[in-house]
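Throughout, protein chains are lettered first and strands after them, A, B, ... in sequence-line order, and every chain is numbered starting at 1. Since the structure is predicted, the reported quantities are computational estimates derived from the model, not experimental observations.
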2 protein chains.
Amino acid sequence: MQSRRVTIRDVAHAAGVSRQTVTRAINDMADISRETRERVMKTVEELGYRPNRFAIELSRQRTLSVGLIIGTFRNPYYAQLADAFVNELQRRDWQLVVGTSERGEAEVIGAMAAQVDAIVGYIDQAEDEIAATFRGMPIIRLEHRATTAGIHSVELDWERGIADMVSALRAKGSRRFAMIDAAAPEPHGLAPRRRFFEDAVGEPCTVVTETQSIAGGADGIRNLLERDPRIDTVLAFNDLMAMGAVQGAHTLGIAVPDTIRIVGIDGLSLGEAVSPRLTSLSLESAAVAGEAAEILAQLFAGGPVPDGSLTRAVTPVVVWRESA
Amino acid sequence: MQSRRVTIRDVAHAAGVSRQTVTRAINDMADISRETRERVMKTVEELGYRPNRFAIELSRQRTLSVGLIIGTFRNPYYAQLADAFVNELQRRDWQLVVGTSERGEAEVIGAMAAQVDAIVGYIDQAEDEIAATFRGMPIIRLEHRATTAGIHSVELDWERGIADMVSALRAKGSRRFAMIDAAAPEPHGLAPRRRFFEDAVGEPCTVVTETQSIAGGADGIRNLLERDPRIDTVLAFNDLMAMGAVQGAHTLGIAVPDTIRIVGIDGLSLGEAVSPRLTSLSLESAAVAGEAAEILAQLFAGGPVPDGSLTRAVTPVVVWRESA
DNA sequence: GCGGGGGCCGTGACCGGTCACGGCCGGGGG
DNA sequence: CCCCCGGCCGTGACCGGTCACGGCCCCCGC
């Protein structure tokens, strides 16, 4: 392991050429003869030269890394979202640096701000505060529409997604709806799930509140059935709870989806692995990542960006599998 | 949105001082009066100045970002590993950029190499090939011991971990062991699971092979019991399959862990959420991340690094919950 | 009155690349 | 024979910060 990094000057000296010629060789540029290029490349090889990324970016002024802020990878939804972003950004040759808001969102964003060209993710802090702290830094908020100039967003159209789901369920014969809500909603204002569900169903429906876990889902369906045995369709707060619910139904000897339909929210691919395979209102992480990337591209292009907020919406759509 | 980035020179000019004074103000350095500092900071605020990270790193020569290569976030184990790395690196003020080897490991590593100061992760490529391509770049292989000079590793001591697990199980009364193996082992040579399990058990035990999913786990326990009804302990290839197995046992009316003990492999926190809570041979992702970080620190320190490979081992340890 | 030290600030070089430009040389057309 | 052009290569400036150093001024002590 060499003590000091070998620079382009070292290579140039060793190969008996100028720095510029080394650059030409490395970057496949014109104005260099075949043999010179080969000689330089051989020298590069021998010296183990790796160009300094900071120097490159400094002179090229090209932008390429975006920070993603999520809650935690231990939540499968966030993991899947991260997966979507990796794929999307990888496709565009951008780098993804991830941060977890577990130990202080502000700190993480701050540390990240020095390293990335844009930040996208689940952000709780007051928008105006963020906008003030990181003026000039492109920021995209996920799930909720941004209301502050300079902060953009890709929002989820809960209202339409849930309404579509309910009417599709009705078409399949659902009549008595119920919901297993989560006890302590995460700070990101996940309330819309329940609100729009009740709106779409029209009449007030039975709702129980349980802990966000598989066990909570199992408890949920039991409590639900206790209150109203004629329920034929259950929406769970998320896929994990929905999985618990189908498991609970199974224990209770209730056929899913024949006597009771169960649908989750998230659209986790994990839902493919259970039996019956879980039907779920997908939060479309791939689409979210795609739209975010589009906004980013627009911002990076440096073209005429309205001084307000760029917003794109994706509507959740149910992926029909077996449980409903 | 300003058309061009505002630089330190702009700030200096606007505040009527030199660049160096601006630096002093920004970085809380000495040799600057209170009032000058305040004036400069106000100018910074007004102009929306953000220092260029590339310029900073170029002149400071500090290293700070490491790339993590995993299979996919859709595999909960990788997600948990990523989580552990985010936490570990965040603690050390290093940045984490992640890459997924789904669409071409070589491409991802290549793209990453230009952006990070070290690479750690699950790597399949021939080691010597990698070493040749990225000489000088610190590389840490996960799970498997590196055999090529210049490539380091933190390996999993499957042998000891599994042996300890088996003897602990024996102490609890287990006598007839069985295993639900995975049909198509991932390329990373996951074979050790079965091999060391059979070694530890001593006598040949019943093994069935199923698909890597919850449903596969359920099938597995059914098939296992068909072959040998007296089985009292089952090891599943991973936690997902183990969850399927306990679910399947439940369906069959078999008490877990009373008549049959079930343990998974991974140590997913997801196992906390099911009922009964899953006992699992934890792959200790936090420890793995920690050891990797230690190696990284040693490498970055620039001290005397042996020309061979740095290797640390972590032994899987079972987290006892309810299923065994 | 003079030397020295500390507070405060500015200048030039440098980090490691890239870019714009200019020079040299050989060959072909007028 | 001259000129021009294209292939090939090198030089200086620059990207936007930081670092080492030096200068100025004021105050204090002898």
Side-chain angles (χ1 to χ4, degrees), chain A residues 2-41 43-44 47-65 113-117 136-137 300 302, chain B residues 2-41 43-44 47-65 113-117 136-137 300 302:
Chain A
Q2 64 275 351
S3 58
R4 217 180 50 75
R5 272 283 283 270
V6 22
T7 80
I8 201 173
R9 250 167 274 262
D10 301 327
V11 176
H13 183 76
V17 295
S18 70
R19 313 174 314 244
Q20 180 62 11
T21 299
V22 176
T23 297
R24 281 191 263 257
I26 293 177
N27 300 350
D28 272 327
M29 298 169 63
D31 291 337
I32 184 175
S33 67
R34 246 180 63 82
E35 50 218 67
T36 305
R37 182 192 308 273
E38 281 166 7
R39 180 159 43 94
V40 171
M41 291 312 274
T43 310
V44 165
L47 267 52
Y49 167 69
R50 275 192 311 126
N52 180 308
R53 64 198 166 102
F54 297 117
I56 294 181
E57 295 315 318
L58 178 56
S59 57
R60 284 209 194 144
Q61 304 274 102
R62 203 195 298 149
T63 153
L64 29 54
S65 77
Q115 289 296 309
V116 301
D117 306 289
M137 162 77 77
F300 287 164
Chain B
Q2 64 274 351
S3 56
R4 215 180 51 75
R5 273 284 283 270
V6 23
T7 79
I8 200 173
R9 249 167 275 263
D10 300 327
V11 176
H13 183 77
V17 296
S18 70
R19 314 174 314 243
Q20 180 60 13
T21 300
V22 177
T23 297
R24 282 192 261 257
I26 293 177
N27 300 350
D28 272 328
M29 297 169 64
D31 290 336
I32 183 174
S33 68
R34 245 180 64 81
E35 48 218 67
T36 305
R37 181 192 307 273
E38 281 167 7
R39 180 159 43 93
V40 170
M41 291 312 274
T43 311
V44 165
L47 267 51
Y49 167 69
R50 275 193 311 126
N52 180 308
R53 65 195 166 104
F54 297 118
I56 294 180
E57 295 314 320
L58 178 56
S59 57
R60 284 207 196 147
Q61 304 276 99
R62 203 196 298 147
T63 153
L64 27 55
S65 75
Q115 289 297 307
V116 301
D117 306 290
M137 162 79 78
F300 287 163

Validation: residues 20-30 of chain B side-chain donor-acceptor distances under 3.5 Å, sequence neighbours left out:
from, atom 1, to, atom 2, distance (Å)
B:Thr21, OG1, B:Ser18, OG, 3.2
B:Thr23, OG1, B:Arg19, O, 3.4
B:Asp28, OD1, B:Arg37, NH1, 3.3

* Asked: Which heavy atom of B:Ala55 sits nearest a heavy atom of B:Asn52, and at what distance?
  ->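 Shortest heavy-atom contact: N-OD1, 3.0 Å.
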* Search all heavy atoms of B:Val116 against all heavy atoms of A:Arg50 and return the closest pair with its distance. => O-NH1, 4.4 Å
* With A:Asp31 via salt bridge (charged side-chain N to carboxylate O under 4.0 Å, His left out) - residues at least two apart -> none
Could you state the [atom1]-[atom2] distance from [X] to [N], rounded to the nearest angstrom?
X: A:Ile56; N: C:dT18; atom1: CD1; atom2: C1'; answer: 9 Å
X: B:Arg9; N: C:dG10; atom1: CZ; atom2: C1'; answer: 13 Å
X: B:His13; N: D:dG16; atom1: NE2; atom2: P; answer: 16 Å
X: A:Arg39; N: D:dC9; atom1: CZ; atom2: C1'; answer: 11 Å
X: A:Asp117; N: D:dG16; atom1: CG; atom2: P; answer: 14 Å
X: B:Asn52; N: C:dG16; atom1: CG; atom2: P; answer: 16 Å
X: A:Leu58; N: D:dG16; atom1: CG; atom2: C1'; answer: 6 Å

* Through what angle, rounded to 10 degrees, does the axis of the helix from C:dG1-D:dC30 to C:dG30-D:dC1 turn between its ends, using five pairs per end? -> 60°
* Set of residues satisfying side chain to side chain donor-acceptor pair (under 3.5 Å) with respect to A:Thr43, sequence neighbours excluded -> none
* Lys/Arg N to Asp/Glu carboxylate O, A:Glu38 vs A:Arg34, below 4.0 Å ->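 A salt bridge links A:Glu38 with A:Arg34.
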* Taking atom CZ of A:Phe54 and atom CG of B:Asp117, what is their separation to the nearest 0.5 Å? -> 5.5 Å
* Asked: Toward the 5' end of DNA chain C, which comes first, A:Ala55 or B:Val17, by nearest nucleotide?
  ->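 It is B:Val17 whose nearest nucleotide is closer to the 5' end.
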* Apply side-chain contact (heavy atoms from CB on, under 4.5 Å) to A:Val11 and A:Val6, showing your working. => CA-CA 8 Å; A:Val11 176; A:Val6 22; 4.2 Å; yes
* OP1 or OP2 of C:dC9 under 4.0 Å from side-chain N/O of B:Thr36 -> yes
* Report the nucleotide, chosen from D:dT18, C:dG17, C:dC15, that has the shortest atom-to-atom distance to any side-chain atom of B:Ile8. =>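 Looking only at side-chain atoms, B:Ile8 lies closest to D:dT18.
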* Residues of residues 18-34 of chain B with any non-hydrogen atom less than 4.0 angstrom from an atom of DNA chain C: list those, numerically ordered, please. =>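 Result for residues 18-34 of chain B: B:Ser18, B:Arg19, B:Gln20, B:Thr21, B:Arg24, B:Asp31, B:Ile32, B:Ser33, sorted by number.
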